[in-house]
Amino acid sequence: MMTKREEFFNWIVYQIYPRSFYDTNGDGIGDLNGIKEKIPHLKSLGINAVWLCPCYKSPNNDNGYDVSDYRDIMEDFGTFSDWKRLQKALKKDGIKLIMDLVFNHTSSQHKWFQEAKTSQSSPYHEYYIWRKNPPNDWKSVFGGSAWAYNESTDEYYLHSFDETQPDLNWENPKVRQEAAKIVDFWVKLGVDGFRCDVLDFISKDFKKDKMFQGPRLHEYIRELFDRDGVRDIFTVGECQADKKNTLLLCGKNRGELKTAFQFDHINLGRIDKYLPRPFSFDEIKSVLVKWQKFSQKHDLIYPLFTDNHDQPYYISRLGNDKAHRYACATAYATTFYLLRGVPFLYQGQEYGAANPYYTKIEDFRDVETKRYYAEQKKSKPRHQLMQEINYASRDNSRRPFAWTKDERTNFGFSAATPWIPCNSRAKEINLEKDLESERSVFRYFQTLLAFRKGSLAIRQGSFQDRTKRRRGCFLYERKWKRERLLIVCNFDKKQKIKLPKNRKFLFGNYPEAKEEFLPFQAAVYEL
Ligand code: TEU
Ligand code: CA
């Protein structure tokens with residue numbers, strides 16, 4: 001019998017950014033009914049869980065990461081009944097549902113904040129973080145000071161993100177109780193898990209120079225999740241954690257999180273968000289090997305991902321999205337999704353979506369990007385600034401899903417003008433075209449995910465690095481009882497890679513390599 005925890009290794013999660021997935025009512029905005037209609041696509045891809053980015057009521061300053069009611073659905077996306085129908089439909093097809101919890105902050109439109117800001121005697125005032133004067137010079141993640149002035153109380157409030165996203169005061173037990181009640185509300189409705197937005201921000205130490213991972217973080221998380229009826233649910237935190245903290249957050253008997261996103265492999269190849277630096281694949285490999293060994297040693301569940309709604313596409317930034325787009329997309333998928341842990345795919349990856357390019361700031365929507373542009377435009381030449389934005393903007397991965405080749409329906413996304421312009425490369429990169437081509441990213445993903453599901457070595461087995469001193473490639477072994485697999489991925493130019501003699505080629509993104517591995521060639525062997 002598998003324990004509840006072991007079962008998580010069977011999950012394959014697909015992240016949906018609802019605004020950009022599929023529009024069914026012709027307003028240019030993706031919606032919940034759109035997700036429901038595309039369940040056959042999800043099934044045919046082979047995933048078995050969906051992480052739904054926030055779909056709660058929200059004024060949408062940060063595309064739903066600014067919640068104004070945690071128990072209601074954003075009008076743009078539909079109604080509560082639509083949500084229930086979606087949940088039911090997913091369940092019917094055996095697809096788990098993970099909701100996004102945004103608990104570090106609310107929207108300034110949330111009724112708590114609306115009350116809190118009016119007077120210091122409001123019962124909601126202490127739901128947020130107020131100071132007569134800013135006690136430090138913390139910067140908002142989106143730029144500028146993290147402290148904003150509120151006239152009616154003559155105080156400053158803390159906002160780690162946009163001004164319209166005031167941070168909740170977790171030191172107030174009432175806030176913690178409210179959060180727990182919201183968790184209970186969704187658990188009772190039958191959701192299968194939560195992705196917890198910037199969870200490592202909820203406890204603060206105002207004397208420190210950074211605003212996250214304050215002293216009471218672990219206590220708060222346990223209070224939220226280590227409770228009857230909630231304890232066994234799937235949770236993945238968005239936390240920037242080192243080894244020590246990962247053990248505290250995700251350790252087996254800690255009662256905190258099932259897993260936490262690790263960003264070491266995402267933060268490679270750049271000096272800061274907007275500035276690339278030369279990088280080699282070996283850096284990714286080292287990060288993966290380090291975390292594989294560590295999570296294996298401590299029996300942690302490791303989240304396997306390359307993309308999300310906050311990042312430019314991985315293949316564009318750290319790979320090749322031109323001549324080798326097919327191979328690169330499939331090689332990264334092979335590398336990551338056959339490791340030990342739980343795969344997370346982001347919408348679009350399955351057809352090899354890549355970063356677009358725009359020359360005008362008007363083609364962007366992200367609050368962070370627009371802020372950055374406004375801040376920098378006086379000091380930087382326009383072309384340089386646009387280059388930085390195209391390199392780093394979160395809008396890169398937030399363009400409408402390109403379902404078809406049909407430009408008039410915005411590539412099958414919506415007959416109406418989409419809320420954000422379609423990917424400028426959608427004519428060349430879309431699902432329909434991908435399926436027509438001989439080398440289809442989608443079909444490869446199908447093979448890969450089906451293989452993962454069918455293999456105990458991949459789901460339960462051990463991990464061992466077999467790369468040795470070779471460069472520009474990654475070889476690793478997965479093993480469970482008598483099933484032994486070797487995964488080989490080349491991220492360099494064409495090169496010879498010596499392999500064990502007694503091997504059987506199972507599949508790869510190219511036909512079996514004879515002598516040399518092509519750039520981004522990936523292959524799976526049985527030993
Ligand atoms: O992101 C948190 C976060 O710190 C980063 O991923 C951040 O968005 C990025 O570095 C800025 O470029 C989460 C959500 O994933 C993000 O979409 C939200 O905007 C943010 O929290 C606030 O809720
Ligand atoms: Ca719509």
Side-chain angles (χ1 to χ4, degrees), residues 15 17-38 51-56 58 60-67 73-79 82 100-108 110 139-143 146 159-168 195-202 210-213 236-241 260-263 266-267 270 272-274 305 307-312 317 344 346 364-372 388-389 391-398 400-401 410 413-420:
Q15 183 193 351
Y17 200 65
R19 237 185 156 61
S20 305
F21 196 56
Y22 184 52
D23 173 28
T24 54
N25 66 342
D27 62 357
I29 301 172
D31 41 56
L32 298 180
N33 286 333
I35 302 173
K36 187 159 66 76
E37 275 190 33
K38 294 296 185 183
W51 152 20
L52 185 59
C53 280
C55 60
Y56 314 103
S58 160
N60 236 332
N61 256 313
D62 189 16
N63 289 354
Y65 282 95
D66 46 333
V67 181
I73 299 297
M74 192 192 299
E75 273 168 43
D76 285 348
F77 293 164
T79 63
D82 293 335
D100 208 316
L101 285 180
V102 191
F103 277 162
N104 173 66
H105 44 267
T106 69
S107 158
S108 54
H110 196 290
K139 298 278 172 283
S140 144
V141 173
F142 294 160
H159 60 92
S160 299
F161 294 87
D162 190 56
E163 253 179 69
T164 61
Q165 294 165 294
D167 282 38
L168 282 164
R195 176 266 186 188
C196 310
D197 192 60
V198 285
L199 199 63
D200 51 348
F201 277 53
I202 60 178
K210 54 177 190 183
M211 51 195 162
F212 62 103
Q213 290 184 357
V236 50
E238 188 198 19
C239 303
Q240 305 258 5
F261 288 121
Q262 226 302 308
F263 288 86
I266 299 287
N267 294 331
R270 57 189 177 197
D272 63 33
K273 185 178 173 95
Y274 296 95
F305 76 103
D307 290 84
N308 67 33
H309 65 294
D310 289 335
Q311 298 296 330
R317 210 171 59 77
F344 285 79
Y346 179 65
F364 292 84
R365 297 287 176 276
D366 180 16
V367 55
E368 179 189 46
T369 301
K370 289 196 290 195
R371 237 205 113 96
Y372 185 70
E388 289 181 8
I389 284 175
Y391 171 73
S393 173
R394 304 192 296 178
D395 281 341
N396 273 308
S397 56
R398 297 177 178 185
F401 192 109
N410 297 296
F413 168 70
S414 170
T417 306
W419 67 278
I420 186 171

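Each ligand, and each atom within it, is numbered from 1 in the order the structure gives.
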ring-ring contact (aromatic ring centres under 6.0 Å, His included) partner of Trp51, chosen from Phe261, Phe305, Tyr17: Phe261
Out of Asp27, Asp62, Asp76, Asp395, which one pairs with Arg19 under the salt bridge (charged side-chain N to carboxylate O under 4.0 Å, His left out) rule? Asp76
Within the 4.0 Å heavy-atom cut-off, what Gln240 brings close to ligand 1 is neither
Identify, by name, the N, O or S atom of Asp27 lying closest to the Ca ion (ligand 2). OD1
Could you identify the single nearest non-hydrogen protein atom to atom 15 (O) of ligand 1 and state the distance to 0.1 Å? Asp310 OD2, 2.5 Å
Looking only at N, O or S atoms, which one in Asp23 sits nearest to the Ca ion (ligand 2)? OD1
Quick check on the Ca ion (ligand 2): does Ile29 put an N/O/S atom closer than 3.0 Å to it? yes
Distance filter under 4.0 Å to His309 heavy atoms, resulting ligand 1 atoms: 14 (C), 15 (O), 16 (C), 17 (O)
With heavy-atom distances below 4.0 Å as the criterion, list the atoms of ligand 1 near Lys273. 11 (C), 12 (O)
Would you indicate whether the side-chain heavy atoms of Cys53 and Gln15 approach each other to under 4.5 Å? yes
Subset of ligand 1 atoms that lie under 4.0 Å from at least one heavy atom of Arg398: 17 (O)
Please determine whether Asp76 has a backbone or side-chain N, O or S atom lying under 3.0 Å from the Ca ion (ligand 2). no
Taking 3.0 Å as the cut-off, does Asn25 contribute an N, O or S atom near the Ca ion (ligand 2), distance below it? yes
If you scan protein heavy atoms around atom 8 (O) of ligand 1, the nearest is Arg394 NH1, 2.9 Å
Against heavy atoms of Glu238, which atoms of ligand 1 measure under 4.0 Å? 1 (O), 2 (C), 3 (C), 6 (O), 13 (C), 15 (O)
Show the atoms of ligand 1 that are less than 4.0 angstrom away from any heavy atom in Glu368. 11 (C), 12 (O)
Just by distance, no angles: are the side chains of Ser393 and Asp366 close enough, under 3.5 Å, to form a donor-acceptor pair? no
Note, Asn308 side chain near Phe263 side chain (heavy atom, < 4.5 Å): yes
Identity and distance of the protein heavy atom lying nearest atom 19 (O) of ligand 1: Asp62 OD2, 2.5 Å
Could you tell me if Arg365 sits above the aromatic ring of Trp419, with its cationic atom closer than 6.0 Å to the ring centre and no more than 45 degrees from the axis? no
Hey, is Asp31 close enough to Lys36 for a salt bridge, meaning N to O under 4.0 Å? no
Residue and atom name of the nearest protein heavy atom (relative to atom 20 (C) of ligand 1), distance in Å to one decimal: Phe161 CE2, 3.7 Å
Is it the side chain, the backbone, both or neither of Arg195 that has a heavy atom closer than 4.0 Å to ligand 1? side chain
Please state whether Phe142 comes within less than 4.0 angstrom of ligand 1, counting heavy atoms only. yes
Whether the Tyr346 and Gln311 side chains hold a donor-acceptor pair (N or O, under 3.5 Å, no angle test) is what I'd like checked. no
Could you work out, for atom 2 (C) of ligand 1, the closest of Asp200, Val198, Asp100 by heavy-atom distance? Val198
Just give me the atom name: the N, O or S atom of Asp31 closest to the Ca ion (ligand 2). OD2
As an exercise, state the distance from CG of Asn104 to CZ of Phe212, rounded to the nearest 0.5 Å. 12.0 Å
Taking all non-hydrogen atoms of both residues, which atom of Ala392 and which atom of Tyr274 are closest, and how far apart? CB-CD2, 3.6 Å
the protein heavy atom lying closest to atom 21 (O) of ligand 1 turns out to be Asp197 OD1, 2.9 Å
Quick check on contacts: which atoms of ligand 1 are under 4.0 angstrom from a heavy atom of His105? 22 (C), 23 (O)
After noting the C-alpha distance and the side-chain angles of His309 and Asn63, does the key distance pass the side-chain contact (heavy atoms from CB on, under 4.5 Å) rule? CA-CA 11 Å; His309 65 294; Asn63 289 354; over 6 Å; no
Over all heavy atoms of both residues, which pair between Pro312 and Asp307 is shortest? Give the atoms and the distance, please. O-OD2, 4.1 Å
As an exercise, state the distance from OG of Ser160 to CD of Gln165, rounded to the nearest 0.5 Å. 9.5 Å
